[in-house]
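What follows is a single structure, written as structure tokens, with notes after it.
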Amino acid sequence: MIIPYKMLDEDTLRNLVEEFVSRDGTDNGYDDTLSGKVAQVLRGLKSGEMVVVFDHESQTANILSKEAAQRLEVQ
């Protein structure tokens with residue numbers, strides 16, 4: 001389920017994004033600061049290129065590209 005990022009409390013959104021960019025395997029190949037990576041993801045959310053998704057089964061939230069999220073919804 002796609003959750004509009006604007007529905008999330010500002011602190012909750014920031015915590016979700018910080019957790020997302022600091023996960024193992026999410027290195028984008030650039031040597032950027034945490035705040036720089038957070039800003040990049042927030043820009044992606046605001047532009048609509050990225051979305052927040054919630055998985056009811058695992059009760060977890062994630063951030064995906066819009067295309068990846070749409071593919072999951074089709075399945």
Side-chain angles (χ1 to χ4, degrees):
M1 163 189 277
I2 294 176
I3 306 294
Y5 78 93
K6 290 182 178 183
M7 290 183 66
L8 299 175
D9 176 77
E10 189 175 321
D11 288 337
T12 301
L13 178 61
R14 178 157 294 277
N15 288 337
L16 176 63
V17 173
E18 286 180 359
E19 190 273 332
F20 173 75
V21 300
S22 63
R23 288 181 195 163
D24 288 339
T26 57
D27 185 6
N28 61 8
Y30 299 104
D31 188 23
D32 202 355
T33 64
L34 177 64
S35 61
K37 291 177 183 179
V38 167
Q40 181 180 9
V41 172
L42 289 173
R43 282 192 300 275
L45 290 168
K46 290 177 183 175
S47 72
E49 294 174 28
M50 301 178 86
V51 293
V52 175
V53 294
F54 182 76
D55 179 39
H56 288 287
E57 189 173 312
S58 65
Q59 295 290 300
T60 59
N62 199 1
I63 298 173
L64 298 174
S65 69
K66 183 177 180 178
E67 293 81 20
Q70 289 172 336
R71 284 192 301 270
L72 285 176
E73 286 186 332
V74 170
Q75 295 177 351

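Residue numbers start at 1 and run along the sequence shown.
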Say you draw a straight line from CD of Glu18 to NZ of Lys37; how long is it, rounded to the nearest 0.5 Å? 12.0 Å
Test side-chain contact (heavy atoms from CB on, under 4.5 Å) on Arg43 and Lys46; report intermediate values, then the result. CA-CA 5 Å; Arg43 282 192 300 275; Lys46 290 177 183 175; 5.8 Å; no
Which pairs would a plain distance check flag for residues 5-17, meaning a side-chain donor or acceptor within less than 3.5 Å of a matching protein atom at least two apart in sequence or in another chain?
{"residue": "Asp9", "atom": "OD2", "partner": "Asp11", "partner atom": "N", "Å": "3.0"}
{"residue": "Asp9", "atom": "OD2", "partner": "Thr12", "partner atom": "N", "Å": "3.4"}
{"residue": "Asn15", "atom": "ND2", "partner": "Asp11", "partner atom": "O", "Å": "3.3"}

Less than 3.5 Å apart, which donor and acceptor atoms pair up between the side chains of residues 50-65 and the rest of the protein, not counting sequence neighbours?
{"residue": "Asp55", "atom": "OD2", "partner": "Ser58", "partner atom": "N", "Å": "3.1"}
{"residue": "Asp55", "atom": "OD2", "partner": "Ser58", "partner atom": "OG", "Å": "2.6"}
{"residue": "Ser58", "atom": "OG", "partner": "Thr60", "partner atom": "OG1", "Å": "2.7"}
{"residue": "Gln59", "atom": "NE2", "partner": "His56", "partner atom": "O", "Å": "2.6"}
{"residue": "Asn62", "atom": "OD1", "partner": "Arg23", "partner atom": "NH1", "Å": "2.7"}
{"residue": "Ser65", "atom": "OG", "partner": "Ala68", "partner atom": "N", "Å": "3.1"}

